[in-house]
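Everything numeric here is computed off the predicted structure, so don't read it as measured data. Both ligands and their constituent atoms are indexed starting at 1 by order of listing.
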Amino acid sequence: MKIAADLHLHTNFSDGVLPPEELVERAIAIGLKAIAISDHDNIGAIDPAKSAADGKLQIISAVELSSEICGKDLHILGYFIDDKNELLLSEIGKYRKARHDRALKMVENLSRAGMPIDFELIKSISGDGAIGRPHIARAMVIKKYASSTQDAFYRFLRDGSPIYEPKYKIDPFKAFDLIKKAGGISVWAHPGRLELDHKFPEFIEAGLNGVEVFHPGHDWRDQNRYLNLALRYQLIVTGGSDYHGHDFGAQIGDHGIDKDLLQKLNNANVKENHSDN
Ligand code: AMP
Ligand code: MN
Ligand code: MN
Ligand code: MN
């Protein structure tokens, strides 16, 4: 399959490393037709990406919202969202404040465990966007408390460690609603490892429009399962590399959708917007 669009990319507005302009430059260089910037709980990179693309590449505005159901982390992608929508912006504001307060708590936990870190160091790494554990991990490497970010996660930042603090999450039904009200399409991100496939009918009833089939965390069995599910429930098929700007793992353009699926996605956007007036 020749990849025309990579629909899952992170920038330094969340826990990616690259600024949106650089991501756009790379996407153009490898010949992609479209990309979606899908930062965690943040939409600040969309405007700069659109300016940088300057019509040479379609930028699909997106977001990856953190949600929770049955005690499991569920990521909901919103595509074609209006990044000026007041309701969405107000929810993004809540995420931002909660992520900031959570990072402060984790810094306190680290200090208590004999690993003091100046919060300003973390802020200098995260910038103005959504602060996450990867920024704390990078600070821990700088302070030599860990040998790599993976090491920091493995020893200190994983869920269940005494340093860990839970994050603010909304329930997926609220995510579907929010995305719809912001004019977007809801897609269940990388559902492969969650063992929650039985939730599809309920989610579709509540406004889920698509499923992320192509993702580095999915093997061919997952891909087939979700392609079949998409056929059965007439879901939109999406895919992306979940690229965070690192040299390791999937690179930009490694996963995504071909031009026919991109066409379908763009058609779905038009349909959703018209049926909703
Ligand atoms: P947070 O949203 O702050 O809980 O951070 C979660 C993010 O950390 C994920 O989106 C990944 O980008 C990254 N991540 C999760 N687990 C690991 C790991 N073991 N090593 C490196 N990065 C990780
Ligand atoms: Mn991430
Ligand atoms: Mn995710
Ligand atoms: Mn992601």
List the closest protein heavy-atom neighbour of [atom]: residue, atom name, distance to the nearest 0.1 Å.
| atom | value |
| --- | --- |
| atom 21 (C) of ligand 1 | Phe153 CD1, 3.5 Å |
| atom 6 (C) of ligand 1 | Arg133 NH2, 3.7 Å |
| atom 2 (O) of ligand 1 | Lys167 NZ, 2.8 Å |

Do [X] and [Y] have a side chain donor and acceptor closer than 3.5 Å?
| X | Y | value |
| --- | --- | --- |
| Asp15 | His244 | yes |
| His75 | Glu64 | yes |
| Tyr226 | Arg221 | no |

Test item, His10 contacting ligand 1 (heavy atom, 4.0 angstrom):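 The answer is no, since His10 has no heavy atom less than 4.0 Å from ligand 1.
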
Please report whether ligand 1 has a polar contact with Asp15, defined as an N or O pair separated by less than 3.5 Å (distance criterion only).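 The answer is yes, given that Asp15 and ligand 1 share an N or O pair closer than 3.5 Å.
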
Looking only at distances, can you tell me whether any N or O atom of His40, backbone or side chain, sits closer than 3.5 Å to an N or O atom of ligand 1?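 It does: an N or O of His40 is found under 3.5 Å from an N or O of ligand 1.
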
Which atom, counting only N, O or S, brings [X] closest to the Mn ion (ligand 3)?
| X | answer |
| --- | --- |
| His75 | ND1 |
| Glu64 | OE2 |
| His190 | NE2 |

Glu68 and salt bridge (Lys or Arg N to Asp or Glu O under 4.0 Å): which single residue from Lys169, Lys167, Lys174 fits?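 For Glu68, the salt bridge (Lys or Arg N to Asp or Glu O under 4.0 Å) test succeeds with only one of Lys169, Lys167, Lys174, which is Lys169.
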
Which angle, to 10 degrees, forms at the Mn ion (ligand 4) with OD1 of Asp242 on one side and NE2 of His10 on the other?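 Value, to the nearest 10 degrees: 90°.
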
For ligand 1, which atoms sit closer than 4.0 Å to a heavy atom of [X]?
| X | value |
| --- | --- |
| Pro134 | 5 (O), 7 (C), 8 (O), 13 (C) |
| His244 | 12 (O) |
| Gly132 | 3 (O) |

Which pair of heavy atoms, one from His135 and one from Ala130, lies closest together, and at what distance?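 Nearest heavy atoms, His135 then Ala130: CE1-O, 3.3 Å.
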
Side chain, backbone, both or neither: the part of Lys169 lying under 4.0 Å from ligand 1 by heavy atom: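 Neither part.
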
Quick one: does ligand 1 sit under 4.0 Å from the side chain of Arg158, the backbone, both or neither, non-hydrogen atoms only?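 It is neither; nothing of Arg158 touches ligand 1.
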
Please report the C-alpha distance between Asp159 and Arg133 in whole Å, then the side-chain angles of each, then the deciding distance to 0.1 Å, and finally whether the salt bridge (charged side-chain N to carboxylate O under 4.0 Å, His left out) criterion is met. CA-CA 11 Å; Asp159 189 349; Arg133 283 180 289 163; over 6 Å; no

Taking the side chain as C-beta and beyond, is there a heavy-atom pair between [X] and [Y] under 4.5 Å?
| X | Y | answer |
| --- | --- | --- |
| Leu77 | Val63 | no |
| Met140 | Lys143 | no |
| Val237 | Asp260 | no |

So, is His8 placed with an N/O/S atom under 2.8 Å from the Mn ion (ligand 3), counting both backbone and side chain?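 His8 does not place any N, O or S atom closer than 2.8 Å to the Mn ion (ligand 3).
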
With rounding to the nearest 0.5 angstrom, report the CZ to NE2 distance, Phe214 to His8.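 Here the interatomic distance stands at 15.5 Å.
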
